[in-house]
Amino acid sequence: MEIAQNSGRVIDVQRQLLKNQRSLLVRRLLGNKQIVFGSVILTMFILFALIGPMIASYGPYEMSVSDRLQPPNADHWFGTDNFGRDIFYRVAIGARVSLGVGLSVAVLSSIIGLVVGLYASYYRTLDHILMRICDGLMSIPAILLAIAFMAALGPNTINIVIALTIVFSPYIARVVRSSALVVREQTYIEAMKAQGARSWRIILKHIAPNTISPLFVQASFIFADAIITEAGLSFLGAGVPAPDPSWGNILADGKLVIYNAWWMIVFPGAALILSVLSINLLGDGLRDLLDPHVGNSKKIKRKKAKVKAG
């Protein structure tokens, strides 16, 4: 009877600890202005991408020569382009493309980079081979490497995801490897090796969990970089093929009539800037939250600035 009561008390204590940890995490998240602002703006863009096409009165391919280059009005909230197509609908569909490509690239490059970084950190021979490949890919500017892959694969959305995944995976692999190298030298890892634990078990159950925090932060920045790179590829004609809408090819059409139709540049450009800004704010906030050293250094700098100002 006493054993059952004691076990019940232990379970209650564990539940209370978990509840306290969750409430503390929620307070820290809500107390970080960058995470809050970034999450709000990004949520607005996700809703815009999902709901925008449903409330638009015109389709993305519906042309009307008589309505070409109309400024924003009651019928066309963002105006029309040089073919009479509704900019609001095209920007909303472009949000689906850009956010979808960015999220897909962030997830796929995180998976590939995590595997490469973990095994490179554990096996020294494999480390030299994989890291030299990563160094070679990282030595080429991302946009140029992406253009080269798109020239080989052909312009469509799936090939954009494949090309950008190859481009950005080395950055994830480098971050994971640097974190895993620190963990690999810990005493408990050496003890597990001495006891005969299998390598895959050490890598997956003991090294990998300690690399998740920097992986999430880097993945958020890859998300933003992928959106910018996709827009750049579409702007240059190597990304989403016309007439499919993308922020990049909407800007490419707008550059021809920028002095007569400012709305063709302003609305997709603002969408691109705000979406990337929101993701970067979210990434900075996660870095401050997950890395106490960065957060403490920023607090010290703020205090010094206040002292100087006072």
Side-chain angles (χ1 to χ4, degrees), residues 41-42 44-46 48-50 52-53 56 59-63 68-69 76-106 108-109 140-168 221-280:
I41 298 173
L42 184 59
M44 290 173 60
F45 270 100
I46 294 173
F48 173 62
L50 295 175
Y61 310 111
E62 187 176 341
M63 294 187 291
R68 66 186 300 269
L69 296 180
H76 304 280
W77 295 346
F78 288 0
T80 60
D81 64 4
N82 45 2
F83 292 102
R85 295 173 297 191
D86 186 61
I87 296 294
F88 178 84
Y89 198 110
R90 290 178 65 79
V91 171
I93 296 296
R96 291 185 179 182
V97 173
S98 296
L99 294 176
V101 168
L103 181 60
S104 301
V105 171
L108 292 176
S109 60
I140 305 172
I143 187 68
L144 295 180
L145 188 59
I147 290 173
F149 281 122
M150 290 305 298
L153 298 173
N156 63 61
T157 305
I158 295 176
N159 289 342
I160 291 174
V161 173
I162 295 172
L164 296 184
T165 299
I166 297 172
V167 169
F168 291 116
F221 295 130
I222 296 296
F223 191 174
D225 287 341
I227 291 176
I228 295 177
T229 308
E230 181 275 324
L233 290 172
S234 299
F235 183 85
L236 296 173
V240 178
D244 293 339
S246 167
W247 290 342
N249 56 32
I250 296 173
L251 290 171
D253 293 337
K255 77 178 189 297
L256 302 174
V257 291
I258 186 172
Y259 295 109
N260 299 322
W262 54 266
W263 52 91
M264 287 188 64
I265 296 293
V266 169
F267 291 115
L272 180 61
I273 292 171
L274 290 175
S275 62
V276 171
L277 176 64
S278 67
I279 296 170
N280 281 331

Could you tell me whether a side-chain N or O of R96 sits under 3.5 Å from a main-chain N or O of L50, the two making a donor and an acceptor?
yes
Nearest 0.5 angstrom please: L233 CG to F149 CZ, how far?
12.0 Å
Are any of the side-chain heavy atoms of L103 and L99 separated by less than 4.5 Å?
no
Ignoring hydrogens, what is the shortest heavy-atom contact between A146 and V167? Give both atom names and the distance.
N-CG2, 4.0 Å
Separation between CG of L274 and CD1 of I41, rounded to the nearest 0.5 Å
6.5 Å
Hey, could you give me each pair passing salt bridge (Lys or Arg N to Asp or Glu O under 4.0 Å) that has a residue in residues 265-276? Not counting sequence neighbours.
none
Looking at CG of L42 and CG of L277, how far apart are the two atoms once the value is rounded to the nearest 0.5 Å?
11.0 Å
Show the nearest heavy-atom pair for residues S109 and A106, with the distance to one decimal.
OG-O, 3.3 Å
Once you round to the nearest 0.5 Å, how far does OG1 of T165 lie from CD1 of I222?
10.0 Å
Please assess V105 against F223 for the test side chain to side chain contact (heavy atoms under 4.5 Å, CB included), listing each intermediate value before the final yes or no.
CA-CA 7 Å; V105 171; F223 191 174; over 6 Å; no
So CD1 of I227 and CD1 of I279: to nearest 0.5 Å the spacing works out to 3.5 Å
Tell me if the CD1 atom of I158 is crowded by more than 12 foreign heavy atoms within 6.0 Å.
no
Between F45 and W247, how do the two ring planes meet: parallel, tilted or perpendicular, split at 30° and 60°?
perpendicular
Under a 4.5 Å cut-off applied to non-hydrogen side-chain atoms, are F235 and N249 in contact?
no
Is there a side-chain contact between D225 and V276 in this structure, where contact means two heavy atoms from C-beta onward sitting under 4.5 Å apart?
no
Check whether N260 reaches the backbone of V257 with its side chain - one donor and one acceptor, N or O, closer than 3.5 Å.
no
Do S275 side-chain atoms and L272 backbone N/O form a donor-acceptor pair below 3.5 Å?
yes
Please, which pairs that meet side-chain hydrogen bond (donor to acceptor under 3.5 Å, both in side chains) have at least one residue in residues 250-259, sequence neighbours excluded?
none
Name all residues meeting the side chain to side chain contact (heavy atoms under 4.5 Å, CB included) criterion together with I250; count only those two or more places apart in sequence or in a different chain, and write none if there are none.
R90, V91, P268
Does T80 reach the main-chain N or O of L69 with its side chain, forming a donor-acceptor pair under 3.5 Å?
yes
Drop me the distance from M264's CE to R85's CZ, to the nearest 0.5 angstrom.
7.5 Å
Any side-chain heavy-atom pair from V101 and L164 closer than 4.5 angstrom?
yes
Just so I know, are the side chains of M150 and I160 near enough to count as touching, which here means a heavy-atom distance under 4.5 Å?
yes
In terms of the angle between their ring planes, are F48 and F88 parallel, tilted or perpendicular, with boundaries placed at 30° and 60°?
perpendicular
Main-chain N/O of V240 paired with S234 side-chain donor or acceptor, under 3.5 Å
yes
Nearest non-hydrogen partners of P155 and A238, listed with the distance:
CB-O, 4.1 Å
Provide the closest heavy-atom pair for I93 versus P245 in the form atom of the first, atom of the second, distance.
CG2-CG, 3.3 Å
